[in-house]
Amino acid sequence: MNTITIEVMRYRPQIDEKPWLQSFDIEWTADMSVLDALSYIKDELAPDLAYRWSCRMEVCGSCGMVINGEPKLACSTFVRDYARAGKITVGALDQFPIEKDLIVDAEPFMHKLASVSPYIIRKQPRALAEKEHRQSPAELAKFKQYTMCINCMLCYQACPQVGLNADFLGPAATALAHRYNLDNRDQGKTRRFAVMNEESGIWPCTFVGYCSEVCPKSVDPAGAIQQVKAAAVPFWALAQLKKEEA
Ligand code: SF4
Ligand code: FES
């Protein structure tokens, strides 16, 4: 019989002074994910354990956790890969406020996503008579990689600047802005660069690059931020000129 120890972070802010680890010894099988292990623990051993999940297949982005120190999706991380170590420690994405156990408050992240106007902006609405705005495969390829983001927040957990400054716009929101800036149907760059050129916009990034390493969808948010920095300078200069004229 294969057994492994799973240490799970528990925390109820109203009761607990600080997070603590609860240990469970469970039997595991070769196809058991860390999410499956948590489900077993919740069903059989600790019904009050709180964690998020939905799709079980790396699509919804809700099962982000810190697993043996690394930001990972619990549904695509397998217990068998930790068999030799004999222990798995599971914690919350604690660069966000913890609500209960492994559940964190995603509101700050959602505000950052919304702040970059993540939708196609047109100066003039397109008339129906003009029909659809066609896009070639080559035009789509310019930004497709950035559409793969599942909002799992792993890149924020990985980012040292988020740890220093919770207001930092951060990796996924910048990659999302870049996605729309590169879309040939969009005319909203000026609005997005105004946000990204703010003090807590893109500039705190020091290009550590760990955000891209942990990203389960190969979005490469670190690369997006560097491209955005290069493109942002003229928008920043223009904004300074307008301030001086005002
Ligand atoms: S960029 Fe990658 S790590 Fe960051 S939220 Fe999107 S999918 Fe997750
Ligand atoms: S449960 Fe949906 S990404 Fe893991």
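Numbering of ligands and ligand atoms starts at 1, following listing order.
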Salt-bridge test for R192 and D186: reply yes if a basic N is under 4.0 Å from a carboxylate O, no otherwise. yes

Could you work out the complete set of other residues in the hydrophobic cluster of M148, with links drawn between I, L, V, M, F, W and Y side chains under 4.5 Å apart? L140, F143, Y146, L182, V219

Under 3.5 Å, which donor-acceptor pairs do the side chains of residues 210-218 form with other protein atoms, sequence neighbours left out?
residue: S212; atom: OG; partner: D220; partner atom: OD1; Å: 2.6
residue: S212; atom: OG; partner: A222; partner atom: N; Å: 3.0
residue: K217; atom: NZ; partner: E58; partner atom: O; Å: 2.9

May I ask you to decide if T89's main-chain N or O and E7's side chain share a donor-acceptor pair within less than 3.5 Å? no

Electrostatic pair E99-R52, nearest N-O below 4.0 angstrom: yes

Look at D36 together with R56 and state whether they make a salt bridge at an N to O cut-off of under 4.0 Å. yes

Under a 4.0 Å heavy-atom cut-off, what residues line ligand 2? S54, C55, R56, E58, V59, C60, G61, C63, C75

F78 with I4, same ILVMFWY side-chain cluster at under 4.5 Å: no

Checked atom 4 (Fe) of ligand 1: protein N, O or S atoms closer than 2.8 Å come out as C155 SG

Report the C-alpha distance between F109 and Y156 in whole Å, list the side-chain angles of each, state the deciding distance to 0.1 Å, and finish with yes or no for ring pair (Phe, Tyr, Trp, His ring centres under 6.0 Å). CA-CA 9 Å; F109 174 65; Y156 283 72; 5.1 Å; yes

Quick check: does any side chain N or O of E139 sit under 3.5 Å from a backbone N or O of N184, one acting as donor and the other as acceptor? no

